[in-house]
Number of protein chains: 2
Amino acid sequence: MSAAHRIGHAGLRARVMSPEDAAGLIASGSTVGMSGFTGSGYPKRVPLALARRIEAEQAAGRPFRVRIWTGASTGPELDGALAKADGIEYRLPYNSDPIAREKINSGRMHYVDMHLSQVAPVAWQGFLGPLDTALVEVSGITEDGDLIPSTSVGNNKTWLERAGQVILEVNRWQSEALHGMHDIYYGAALPPNRVPIPLVRPDQRIGQPTFRCDLDKVVAVVETDAPDRNQPFSTPDAVAEAIAGHLLAFFRHEVARGRLPASLLPLQSGVGNVANAVLAGLMDAPFDTLTAYTEVIQDGMLDLLESGKLSLASATSLSLSPAAVERFNRDAARFRDRVILRPQEISNHPELVRRLGCLAMNGLIEADIYGNVNSTHVMGSRIQNGIGGSGDFARNAYVSIFMTPSTAKGGAISAIVPKVSHVDHIAQDVQVLVTEHGLADLRGLAPRQRARAIIDTCAHPDYRPALVDYLERAEAGSFGGHTPTLLGEAFAWHRRFIETGSMRPADGGAR
Amino acid sequence: MSAAHRIGHAGLRARVMSPEDAAGLIASGSTVGMSGFTGSGYPKRVPLALARRIEAEQAAGRPFRVRIWTGASTGPELDGALAKADGIEYRLPYNSDPIAREKINSGRMHYVDMHLSQVAPVAWQGFLGPLDTALVEVSGITEDGDLIPSTSVGNNKTWLERAGQVILEVNRWQSEALHGMHDIYYGAALPPNRVPIPLVRPDQRIGQPTFRCDLDKVVAVVETDAPDRNQPFSTPDAVAEAIAGHLLAFFRHEVARGRLPASLLPLQSGVGNVANAVLAGLMDAPFDTLTAYTEVIQDGMLDLLESGKLSLASATSLSLSPAAVERFNRDAARFRDRVILRPQEISNHPELVRRLGCLAMNGLIEADIYGNVNSTHVMGSRIQNGIGGSGDFARNAYVSIFMTPSTAKGGAISAIVPKVSHVDHIAQDVQVLVTEHGLADLRGLAPRQRARAIIDTCAHPDYRPALVDYLERAEAGSFGGHTPTLLGEAFAWHRRFIETGSMRPADGGAR
């Protein structure tokens, strides 16, 4: 398969150039909207060339930094390389790169952690300033110059529309069978011209399979042949399986009570070990014709699709292990009718999440006894990744579920604390909390009822006595009694961890 | 005007009884869905009779408590009387009654503080249990038995549909001209059967002017002749006027930059002194054909409607001063075409707030230097009222604005603190923060940038040096540098207030 084959449009073929030449078209201080979502579909050669250019410029005493907008996380060739070069002045809306994380937490990079559904509308609102360049990976260009999206859609539609100039990376590594899998909705507008989004089922297509692009804006086309940052899949461990077991029992219970349909409602599933365990558990669960309306399609969803348990998955990105990518690329034509990739504005849209009634399943860093959730800030100050789409889904879900092992760092950290050190999801948006010890159904409970349910059901037994002790003393000595809180020791556990490396009291146990 | 005139349906006229007899139909331990939103349209005689019955039962050694669901806040005849009788076991979704507040904060009443748009859907989901009785004030009953709503709509449609039995209070005090002002949407459903809500402009009617009701369920009709809890209007003070001035300057600036239309976008306005000052300021501002898509219509909006500056106001409730009520009742026929009262599920619907692009203006208790907002919990534990609709609007608004005087209690409390003691609105949902000292446009800023903007612009000058000092020490000594935080002293200001009655340091000043 030749690269030229992927570039059907003659005029764009004439604009093929080296990544170095393309990177030379990006000015210092400018804003670049890049493709990429959960390590998929991000540009791979031009960011590396840009990083080299930045290093050379800086070595010559000429400051060079850019402002980067993306869909969500990218890969080491983008965030890693540019952050290593100290080339990112400002970054939105999500990052999971370890080098960029370090720059952010050391105060050397401004990072704006956003609700992922809001990025495209906000770019249109204009207050973020102009978008100078769109740098977007595509899997091909048609003869007519339409762009065939890659393994993620993200904000690419908006970047292509808003940017002053466009640089395309045509990645021949991506499967040609991606063509037809995307649904790019062109009905969005700014108020007062917004209209209902005409989607009422996850399997519905409301757009077109390709991006439109003003070809006069395309200043460079770069040929790429490189895989996404696909990470190996780790088999769920016993803790993840226990969490999945509690959650599946809850679903069965809700179906039995008539509170969920037998095919459940569209699943939204975060990424990672626990999420994969839930998906694996669904393989054997008594629910059929499931659907997913989510951000990311990961390995577990592929299995469900193949088995037929999952009739359709709608997302904005594919985030698969190398083995699953191989399987997907081999059988992409088979998956094409049952996978829909949409702009993240649509995959995460509050209007659609609420209408469809998603069952939202997300992870967390810590939850407190009242069910407030911290998804982003270790010890309240150190950003891990970002809020991502969890806020879009949790607030609007039919049932908003958060799942976590009850401890981290070998037991030195309790995932259930007296008070979370940072809040991403307020108690109202956290309806079910699950650890390997059990599932707390918090719906309709008042704060003190929630506290008892969370401590008794979700906390690790080693930490329960200390949590009960805190709650009882807070009930006796708090300023107000609605949400009893002892401000003087609300963060004592976090402080102990920072000082000693463990949240456990000095005597070696919380008892 | 006779009460009988208000009860057009002969069968229901035959069910007229005393409030005492009606209250006798409510069982201990049962759940009652009552009307009422922001002190408007709540039942006034039956709850009083129920409170007397509860007191008598309890005096006789027979425990008697009920579970109360409403639209939002009611009046002293409902929450006040029932709370005083210790008759409320469980209350949702909002309360502003001082006696009920005391019961909640002393741990004697379970209170579930909810996003107001979510109450009706949650009642349909079923996990809150059955609704035994609907107790709803109406302004009349047609010959056909349709119910003419009163001064608030709230969740009444849902209570009437879900309840096992219905008790109606027909309040002849309310203007007959209310008939035709309401728009009751009957297209809501549970997923997977939800469809787009067909509303694209604030002035659109998508429902019908009356409630449907299965008349077989109506077990009692009670005649009432009593006003709502209308509170006197207080003229905005200099602080409120300064806040309004900054906000109006921001709107002019955004229009000049082409980021807002000249008629702005639909206004959502919280209740109170500052909100009224903003509305008063709009009387003289260069914006015409304004619209409001909000929860509550208060005095200031009435003035704007009369002047023609505001072409339409959509809400779920009228909350007016006695003087304004008189004016409204006198001229209700004139207002009828320009006021629409809807179910709170629709007035606050995330789908509609985002589609219409509301400019959300809400108050707060405190904000922190990163722009997290506490709207509900004094010193992190004592509930004041509730989150109300602020979460529905703030997350989905075109611009989410929070407004507050920079201090409270004569300067003893700073509204800007190092870390909020409770979070209702995460930083992502707080885009503009305004005090009498200035307006901080936080859109697109990273946490440390937000902190500088908030301290320099919004904090009271007396507290600025201490905030800067905290921030600088946090930047130097925080565990992570994305959102610098000193966990050991994050709540030191709150603790000092609890201990000394003032957030100011012991030396009498923060300098």
Side-chain angles (χ1 to χ4, degrees), chain A residues 104-107 110-112 114-115 125-128 191-192 194-198 200 259 261 265 350-351 354-357 372 377-383 387 391 395-396 398 421-424 426 428 443-444 446 448-449 475 478-485 487-488 490-491 494-495 498, chain B residues 104-107 110-112 114-115 125-128 191-192 194-198 200 259 261 265 350-351 354-357 372 377-383 387 391 395-396 398 421-424 426 428 443-444 446 448-449 475 478-485 487-488 490-491 494-495 498:
Chain A
I104 294 165
N105 281 304
S106 60
H110 286 304
Y111 171 51
V112 178
M114 294 176 67
H115 298 302
Q125 277 188 245
F127 59 78
L128 291 174
R194 284 191 181 140
V195 295
I197 298 167
V200 296
R259 295 199 294 234
L265 285 166
E351 171 176 340
R354 178 136 161 183
R355 182 181 304 149
L356 298 173
N372 301 285
H377 283 69
V378 177
M379 303 299 137
S381 55
R382 182 178 168 79
I383 190 89
I387 195 167
R395 179 156 300 174
N396 299 291
Y398 198 69
S421 56
H422 178 90
V423 177
D424 292 289
I426 63 174
Q428 282 89 340
R443 296 175 299 176
R448 284 170 288 121
Q449 297 174 309
E475 286 178 324
S478 176
F479 181 78
H482 180 56
T483 307
T485 303
L487 293 173
F491 299 142
H494 301 85
R495 293 166 63 195
I498 293 171
Chain B
I104 294 165
N105 282 303
S106 60
H110 286 303
Y111 171 50
V112 178
M114 293 177 68
H115 298 302
Q125 276 188 246
F127 59 79
L128 290 174
R194 284 192 182 140
V195 295
I197 298 168
V200 296
R259 295 198 295 234
L265 285 166
E351 171 176 339
R354 178 136 160 182
R355 181 181 304 149
L356 298 173
N372 300 286
H377 283 69
V378 177
M379 302 300 136
S381 56
R382 183 178 167 77
I383 190 90
I387 195 167
R395 179 156 298 174
N396 299 291
Y398 198 70
S421 56
H422 178 90
V423 177
D424 292 288
I426 64 174
Q428 282 89 340
R443 296 175 298 176
R448 285 170 288 122
Q449 297 174 310
E475 285 178 324
S478 177
F479 181 77
H482 180 56
T483 307
T485 304
L487 294 173
F491 299 143
H494 301 86
R495 293 165 63 195
I498 293 171

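Because the structure is a prediction, the values reported are computed rather than measured. Lettering of chains follows the sequences in order, A, B, ..., and the numbering in each one begins at 1. All heavy atoms count here, side chains included; hydrogens, waters and symmetry mates do not.
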Heavy-atom closest pair, residues M114(B) and Q428(A):
CA-CG, 4.3 Å

So, the part of L487(A) with a heavy atom under 4.5 Å from chain B: the answer is both

Who among I387(B), L128(B), I383(B) has the most heavy-atom pairs with chain A under 4.5 Å?
I383(B)

Partners meeting side chain to side chain donor-acceptor pair (under 3.5 Å) with R354(A) (sequence neighbours left out)
S117(B)

So which residue, H494(A), R355(A), E351(A), ends up with the most heavy-atom pairs under 4.5 Å with chain B?
R355(A)

Taking all heavy atoms of G380(A) and all of T485(B), pick out the closest pair and write down the distance.
O-OG1, 3.5 Å

Interface check, chain A: of G107(B), G391(B), G357(B), most non-hydrogen pairs under 4.5 Å belong to G107(B)

Region of L265(B) in contact with chain A, defined by heavy-atom distances below 4.5 Å
side chain

For R448(B), the side-chain contact (heavy atoms from CB on, under 4.5 Å) test, sequence neighbours excluded, returns H110(A), E475(B), P484(B)

Nearest 0.5 angstrom please: D424(A) CG to I426(B) CD1, how far?
5.5 Å

Over all atoms of both residues, closest heavy-atom pair of H482(A) and Y111(B):
CE1-O, 3.2 Å

Spacing of CG belonging to N372(B) relative to NE2 belonging to H422(A), to within rounding of 0.5 Å:
6.0 Å

Considering only heavy atoms and a distance below 4.5 Å, find which of R194(B), M379(B), R382(B) pairs most often with chain A.
R194(B)

Selection from P350(B), S106(B), A490(B) maximising heavy-atom pairs under 4.5 Å formed with chain A:
P350(B)

Measuring from atom CD of Q125(A) to atom CZ of R443(B), what distance do you get when rounded to the nearest 0.5 angstrom?
7.0 Å

Closest non-hydrogen contact found for F127(A) with R259(B) is CA-NH1, 3.7 Å

Nearest 0.5 Å please: distance from the OG atom of S478(B) over to the CD1 atom of I498(A).
7.5 Å

Side chain from CB out, backbone as N, CA, C, O: work out which of these in L356(A) comes under 4.5 Å of a heavy atom of chain B, or both, or neither.
backbone

Could you tell me which portion of I197(A) (side chain, backbone, both or neither) has an atom closer than 4.5 angstrom to a non-hydrogen atom of chain B?
backbone

Residue P192(A) versus chain B: region with a heavy atom under 4.5 Å
both

